Amino acid sequence: MSTLEIKDLHVHVETKEGTKEILKGASLTVHSGETHAIMGPNGSGKSTLAYTLAGHPKYVVDSGEALLDGQDLLKMTPDERAKAGLFLAMQYPVEVPGVSMTNFLRTAKTEIDGEAPGIRQWAKDLSAAMKRLKMDPKFASRSVNEGFSGGEKKRAEVLQLELLKPKFAILDETDSGLDVDALRIVSEGVNRAKEANQFGILMVTHYTRILKYIKPDIVHVFADGHFVKTGGPELADELEENGYDAYLPEGADSESALA
Ligand SMILES: Nc1ncnc2c1ncn2[C@@H]1O[C@H](COP(=O)(O)OP(=O)(O)OP(=O)(O)O)[C@@H](O)[C@H]1O
Ligand SMILES: [Mg+2]
């Protein structure tokens with residue numbers, strides 16, 4: 001049983017216009033086996049939270065804590081965080097020209113497990129996982145995400161999730177841009193991985209449609225840099241119906257949150 005604790009996190013970035021505070025006291029606890037959905041307006045800081053946990057150097061932590069089983073994530077390098085069991089499926093997965101998917105995945109697996117997987121078993125696992133995600137075997141020899149369509153990139157993120165078996169998976173809009181079949185295939189991949197490994201899931205999404213496949217135990221509203229409401233799955237339906245206006249500072253609305 002593992003626990004991810006985020007305590008009163010304050011984070012800023014340096015921009016041309018000066019310091020921009022993005023996270024303003026974000027707190028959350030996730031246990032193994034739990035699925036948390038995070039919903040909130042554009043620009044409220046959901047991806048910033050994901051990047052901060054993963055260790056993106058642009059995001060500066062001013063105060064607060066992030067602990068994985070009591071270990072201080074914020075003191076670790078991004079690869080140490082991955083080794084500790086944290087996985088991030090990015091909203092906009094990056095292309096890595098010149099590095100094949102096979103090489104990337106095997107290297108990542110070797111780093112995380114501390115030893116190289118047996119070559120035959122690995123080839124079998126990789127090809128089976130790709131088949132289940134309905135990915136053409138040709139993707140294995142292509143460069144990571146290079147020229148992949150939006151939906152193909154999301155599948156590649158879930159392929160990593162299935163093979164790397166983390167303790168906590170942050171899925172940042174893994175459902176965005178997927179066609180109806182891809183949404184089901186990707187969701188089934190996440191569910192399969194969760195069934196096998198009982199990890200905790202933090203799933204950022206704008207749409208309730210994915211929640212039909214990946215059932216959240218807890219739904220959070222994230223607005224203006226922190227969590228403002230927590231509820232059960234019914235909260236997602238309420239948000240779809242009424243939007244975020246009730247959770248925004250007075251005078252703001254979902255649209256002006258973009259400004
Ligand atoms: N590196 C950066 N430089 C400048 N501003 C940034 C940077 N990263 C994030 N921001 C700003 O911080 C705010 C939060 O961004 P973030 O991507 O975390 O929002 P989000 O909640 O994930 O939104 P969306 O739902 O659109 O994905 C935005 O106003 C964004 O423009
Ligand atoms: Mg985002």
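Just so you know, ligand 1 is whichever comes first in the structure, and atom 1 is the first atom listed for that ligand. Keep in mind the model is a prediction, meaning the values are calculated, not measured.
Taken to the nearest 0.5 Å, the OG1 atom of Thr208 stands 10.5 Å off from the CD atom of Glu241. Distance check, rounded to the nearest 0.5 Å: OG of Ser2 to CZ of Phe199 gives 12.5 Å. In this structure, Leu163 CG and Leu105 CG are separated by 6.0 Å, a value rounded to the nearest 0.5 Å. To the nearest 0.5 Å, atoms CE (Met101) and CG (Leu126) are separated by 8.0 Å. Interatomic distance, Leu67 CG to Glu5 CD, rounded to the nearest 0.5 Å: 5.5 Å.
Of all the heavy atoms of Asn42, the ones lying under 4.0 Å from any atom of ligand 1 are found in both the backbone and the side chain. At a heavy-atom distance under 4.0 Å, only side-chain atoms of Tyr59, from C-beta outward, approach ligand 1. Heavy atoms of Thr48 found under 4.0 angstrom from ligand 1 belong to the backbone as well as the side chain. Looking at Lys58 against ligand 1, only its side chain comes within 4.0 Å, counting heavy atoms.
No side-chain donor-acceptor contact under 3.5 Å links Arg209 to the backbone of Val180.
The closest heavy-atom contact to atom 23 (O) of ligand 1, among the options Ala50, Gly43, Pro41, comes from Gly43.
Heavy-atom proximity to Gln91, at under 4.0 Å, picks out these atoms of ligand 1: 27 (O). Within ligand 1, the atoms closer than 4.0 Å to a non-hydrogen atom of Lys20 are 11 (C), 12 (O), 13 (C), 29 (O), numbered from 1 in the order shown. Every atom of ligand 1 with a heavy atom of His206 under 4.0 Å away is listed here by number and element: 25 (O).
Contact record, Pro117 with Arg106: O-NH2, 2.6 Å, taken as the closest heavy-atom pair.
Not a single N or O atom of Thr15, backbone or side chain, sits closer than 3.5 Å to an N or O atom of ligand 1. On a distance-only criterion, Val13 and ligand 1 share no N/O pair closer than 3.5 Å. Ligand 1 has no nitrogen or oxygen under 3.5 angstrom from a nitrogen or oxygen of Ile22.
Look at Ser47 and the Mg ion (ligand 2): an N/O/S atom of the residue is under 2.8 Å from the metal. The distance from the Mg ion (ligand 2) to the nearest N/O/S atom of Asn42 is not under 2.8 Å.
Note: Phe227 and His220 have perpendicular aromatic rings, judged against thresholds of 30 and 60 degrees for the angle between ring planes.
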Worked verdict on Tyr92 versus Asn145 for side chain to side chain contact (heavy atoms under 4.5 Å, CB included): CA-CA 10 Å; Tyr92 304 108; Asn145 288 322; over 6 Å; no
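For the ligand labelled ligand 1, residue Glu14 lies outside the 4.0 Å heavy-atom shell.
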